[in-house]
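Following: one structure in structure tokens, then a few remarks.
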2 protein chains.
Amino acid sequence: MTNTYKYPRPAITVDCVVFGYDGNELNILLIKRGIEPFVDCWALPGGFVRHDETIDEAAKRELLEETFVKNIYLEQLYTFGDLYRDPRERVISVSYFALVRQEEFQIKASTDANEVAWFKVQNTPALAFDHENILEMALKRLKNKVRYEPIGFELLPPKFPFSALEQLYESIIGKPLDRRNFRNKFQKMGLLTKLSEKQEKVAHKRGFLYQFDSDKYEQLKKDGFEFAI
Amino acid sequence: MTNTYKYPRPAITVDCVVFGYDGNELNILLIKRGIEPFVDCWALPGGFVRHDETIDEAAKRELLEETFVKNIYLEQLYTFGDLYRDPRERVISVSYFALVRQEEFQIKASTDANEVAWFKVQNTPALAFDHENILEMALKRLKNKVRYEPIGFELLPPKFPFSALEQLYESIIGKPLDRRNFRNKFQKMGLLTKLSEKQEKVAHKRGFLYQFDSDKYEQLKKDGFEFAI
DNA sequence: GCAAAAGTGTTGGGCCTACACCCATGA
DNA sequence: TCATGGGTGTAGGCCCAACACTTTTGC
């Protein structure tokens, strides 16, 4: 079955920049391509948009198919529409962006991916197409986002010690933060609930655990955050 | 001449949300469509992306062709990819966003537009396709942008009285601002140069004129603004 | 002289930054 | 007992918001 058009049409793809946090470092999810072009090159998960799905749906589907990552919140990032992004023909790509806790996913290669892996953001391999540009833009967005929106939510386990939040922010911003100031600021926002439980089996004083108050989070999201790290 | 593909492909369009300031109110540039669908409906200027131009180029070209607005800075806004945006067939639209001073342009309808006009942002007609959604998103972006980036630049004439800047901000934010605080804040940024000239022929005390210091602006743009209205 | 906008400073409060020591725990 | 990270408070400065009267001009 073929489809004919009066004018040539670019193909449309989606590409996903998925940032994962393992409790220690910020990573990014990549696949090793199983098909040409750039076969055996590392690349962002993604693929062609089907005719019966929205672009948001396409992003979700491709991510699931290629990496087994599912049920995450994908936010649209930017659309890349230069002429020779893809050596085969003209392809326009809509990129997406997500934040996840790695521990929640069993990544697993399938369909067009030979391998799937998390890479340290600071230490990524060469990427196919213009995916390095996409990644760069995603990183910029993330660094910007973290400054005016509390994002620990998506990246930390339900209960976590305060230090985990601090480490997370430090690993995204790339600079050390003042512990006392960071705690004060974050606590003043009122998004965190201090639990009576503490950390277990650590070779130092046990810290209290916290959780995010998601009702308050949703409310602040509506009203607009007043917040700066 | 026809083009055939194995799978059906969506068409790709660009749509431009051009905000104009007339020294008084914030307006938006619309065209009255000259062709189906939605013929004689007001819509955002835009059209199909050609195979030999980037999406950024397409946005510029369509804007020029339909409205005679040219040489402006267009920033990509968002890509709309739902299934039934267009009654004819599947169309994915990449939207763009710009700020201009209206006085600099002689708008004039041509190609697919029967009319072109500026409309008050507060008082737009019903729009074709999902263009109301696009406009809404552009407005959100503008209101957000204005808070952390000085935008008067694009919207005011080279020399302007301070009150023009204040009115501009008030018309975007939609709230009155404290004159003294606004002046202090803006002056502290150091982007403005006070001239020795004053307003002419006004039925009240004449205010000094100011201009933006574009070198400083570029520098701050690099370093990141620290700024909030 | 009157209407209309320009211009101008201060004060109080809140938020930010910088900074150092003791505590609890497991090894 | 030692190494490791947890936990905590304050003081100074800066920025912000709130606030009202005088000046200049054209009509």
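These figures come from a predicted structure and were not determined experimentally. To find a chain, count down the sequence lines: A is the first, B the second, and so on, and within it residues start at 1.
Look at CG on B:Asn184: it is 16 Å from P on D:dC19, rounded to the nearest Å. Distance CD (A:Gln187) to C1' (D:dG9): 13 Å, rounded to an integer number of Å. Regarding A:Phe162, its CZ atom lies at a distance of 9 Å from the P atom of D:dG7, rounded to whole Å. For A:Gln199 and C:dC23, the CD to C1' distance is 14 Å, given to the nearest whole Å. Per the geometry, CZ belonging to A:Phe182 stands 17 Å off P belonging to C:dC15, to the nearest Å. At whole-Å resolution of the value, OH in A:Tyr210 and P in D:dG6 are 11 Å apart. One interatomic measurement links the two molecules: CZ of B:Arg183 to C1' of D:dC16, which rounds to 18 Å at whole-angstrom precision. Regarding A:Gln167, its CD atom lies at a distance of 13 Å from the C1' atom of D:dT4, rounded to whole Å.
Other residues, nucleotides and ligands place more than 12 heavy atoms under 6.0 Å from the NZ atom of A:Lys32.
With B:Arg206 contributing its side chain and B:Glu200 its backbone, the two residues share no donor-acceptor pair below 3.5 Å. No side-chain donor-acceptor contact under 3.5 Å links A:Asp130 to the backbone of A:Asn133. Remark: side-chain polar atoms of A:Arg183 are not paired, donor with acceptor, to backbone N or O of A:Asp178 under 3.5 angstrom.
Checked against the 6.0 Å centroid threshold, A:Tyr217 and A:Phe212 do not count as a close aromatic pair. If you look at A:Tyr78 and A:Phe97, their ring centroids are not closer than 6.0 Å.
Each end of the helix from C:dG1-D:dC27 to C:dA27-D:dT1 gets its own axis, taken as the rotation carrying the C1' atoms of four end pairs onto the next four within a five-pair window, and the two axes meet at 0° to the nearest 10 degrees.
In this structure B:Gln102 satisfies the side chain to side chain donor-acceptor pair (under 3.5 Å) test together with B:Asn27, sequence neighbours excluded.
Here A:Lys188 does not reach the OP1 or OP2 of C:dG14: none of its side-chain N or O atoms lies under 4.0 Å away. For B:Ser163 and C:dA6, the shortest distance from a side-chain N or O to OP1 or OP2 is below 4.0 Å.
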* To do: Assign a letter to each nucleotide of nucleotides 20-27 of chain D from its 5' end: B, base within under 4.0 Å of a protein heavy atom; S, sugar-phosphate only; -, no contact.
  => B--BBBS-
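Ring geometry, A:Phe162 versus A:Phe186: the interplanar angle exceeds 60°, so the pair is classed perpendicular (tilted spans 30 to 60°).
Note: B:Glu65 CD to B:Asp112 CG = 8.0 Å, rounded to the nearest 0.5 Å.
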